[in-house]
Colleague: 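Have a look at this one.
Note that ligands are numbered from 1 as they come in the structure, with each ligand's atoms numbered from 1 the same way. These numbers come from a predicted model, not from an experiment. Heavy-atom basis, side chains included; hydrogens, waters and symmetry copies ignored.
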Amino acid sequence: MSLFQWIELQEHGDDRGQLVALEIGHEKNVPFEIKRIYYIYNTESGVSRGYHAHKELKQVAICVSGSCRMVLDNGKARESVLMSSPSKGLLIESMMWREMHDFSSDCVLLVLASEHFSEADYIRNYDDFLRQANYA
Ligand code: T46
């Protein structure tokens with residue numbers, strides 16, 4: 001099974017353009033209560049971000065403008081995909097190592113998070129991640 005779990009976001013398009021709504025709840029498109037929203041933008045050319053996992057946090061990432069490449073790694077498998085669609089949400093479960101590369105200059109990555117910010121939830125060392133994921 002792929003590490004990439006996509007949430008198809010309904011586009012409410014008409015001759016004026018597109019609109020996507022994000023709603024929380026059962027049979028809605030965000031599967032957790034959103035406690036935090038942040039967005040990554042103006043990423044310098046050639047810069048990569050991420051290089052960590054979260055112990056508990058779940059997130060949905062949506063590339064609302066431009067593109068970037070997302071790498072996910074669960075300690076057993078590593079996969080990479082180009083994110084470029086504002087109508088696709090990527091569900092990132094806990095205990096998933098993530099890296100982001102190849103940001104276009106117009107990339108805006110919107111992230112919905114299940115928890116408030118907590119540095120204690122981060123695993124920023126890959127060997128620690130492998131140990132805690134029980135694969136080392
Ligand atoms: C993730 C990927 C996709 C805060 O103070 N509050 C916040 O809510 C966030 C997300 C970050 N920060 C501070 C912590 C750092 O001093 O902002 C700085 C940059 O964060 P970080 O280096 O963790 O950024 P990325 O782009 O490597 O990772 C971020 C998220 O932190 C992370 O949860 O999954 O985007």
Side-chain angles (χ1 to χ4, degrees):
M1 200 180 82
S2 172
L3 301 179
F4 285 91
Q5 300 182 59
W6 294 104
I7 299 169
E8 294 295 335
L9 305 171
Q10 188 183 355
E11 289 178 290
H12 302 278
D14 57 30
D15 54 10
R16 297 169 297 172
Q18 303 293 338
L19 184 155
V20 166
L22 303 169
E23 289 189 271
I24 304 157
H26 184 60
E27 296 191 348
K28 301 291 185 193
N29 51 23
V30 181
F32 49 74
E33 291 289 332
I34 300 168
K35 291 204 178 139
R36 178 166 55 104
I37 299 173
Y38 62 90
Y39 42 94
I40 296 169
Y41 63 105
N42 274 359
T43 305
E44 295 289 332
S45 172
V47 164
S48 294
R49 305 190 63 121
Y51 296 96
H52 59 257
H54 286 282
K55 296 173 195 166
E56 301 294 338
L57 187 71
K58 295 180 195 307
Q59 301 189 110
V60 172
I62 305 160
C63 191
V64 294
S65 169
S67 62
C68 66
R69 189 161 59 83
M70 178 72 77
V71 173
L72 293 183
D73 179 336
N74 66 358
K76 270 201 281 204
R78 174 175 282 243
E79 293 174 24
S80 167
V81 80
L82 190 75
M83 295 186 68
S84 60
S85 171
S87 64
K88 280 182 192 293
L90 174 64
L91 176 62
I92 308 175
E93 296 282 2
S94 54
M95 292 306 287
M96 189 75 80
W97 186 264
R98 82 283 323 266
E99 297 170 11
M100 293 160 285
H101 308 279
D102 303 335
F103 286 86
S104 64
S105 57
D106 59 348
C107 181
V108 180
L109 188 67
L110 176 72
V111 184
L112 317 175
S114 65
E115 305 297 335
H116 296 296
F117 178 73
S118 164
E119 188 57 44
D121 189 62
Y122 283 73
I123 306 170
R124 292 193 182 271
N125 177 283
Y126 187 67
D127 290 334
D128 290 344
F129 165 68
L130 290 180
R131 266 190 292 278
Q132 292 185 42
N134 289 323
Y135 294 117

Colleague: For atom 3 (C) of ligand 1, what's the nearest protein heavy atom and its distance?
Modeller: Met100 CE, 3.5 Å

Colleague: Among protein heavy atoms, which lies nearest atom 32 (C) of ligand 1, and at what distance?
Modeller: His52 NE2, 3.0 Å

Colleague: For atom 17 (O) of ligand 1, is there a protein heavy atom at a distance under 4.0 Å?
Modeller: no

Colleague: Within 4.0 Å of atom 11 (C) of ligand 1 (strictly less), any protein heavy atom?
Modeller: yes

Colleague: With under 30° as parallel and over 60° as perpendicular, where do the rings of Tyr39 and Tyr41 fit, or are they tilted in between?
Modeller: tilted

Colleague: Using a 4.0 Å heavy-atom cut-off, which part of Arg36 comes near ligand 1: side chain, backbone, both, or neither?
Modeller: side chain

Colleague: For atom 27 (O) of ligand 1, find the nearest protein heavy atom and state the residue, atom name and distance (0.1 Å precision).
Modeller: Gly50 N, 2.8 Å

Colleague: Tell me, please: is Ala61 in heavy-atom contact with ligand 1, that is, under 4.0 Å?
Modeller: no

Colleague: Note the single closest protein heavy atom to atom 21 (P) of ligand 1, along with its residue, its atom name and the distance in Å.
Modeller: Arg124 NH2, 4.2 Å

Colleague: Quick test of your reading of the structure: of His116, Lys35, Arg98, whose heavy atom lies closest to atom 34 (O) of ligand 1?
Modeller: Arg98

Colleague: Answer yes or no: is there a donor N or O on one side and an acceptor on the other, between the side chain of Arg78 and the main chain of Leu72, under 3.5 Å?
Modeller: no

Colleague: Determine whether Met95 and Asn74 make a side-chain contact, defined as any pair of heavy atoms from C-beta on separated by less than 4.5 Å.
Modeller: no

Colleague: Which pairs of donor and acceptor atoms, one on a side chain in residues 43-50, lie under 3.5 Å apart (sequence neighbours left out)?
Modeller:
unit_1 : atom_1 : unit_2 : atom_2 : d
Ser48  : OG     : His101 : ND1    : 2.6

Colleague: Provide, to 0.1 Å, the distance between atom 19 (C) of ligand 1 and the closest protein heavy atom, together with that atom's residue and name.
Modeller: Arg49 NH2, 3.9 Å

Colleague: Under the rule for side-chain hydrogen bond (donor to acceptor under 3.5 Å, both in side chains), what residues qualify as partners of Ser94, not counting sequence neighbours?
Modeller: none

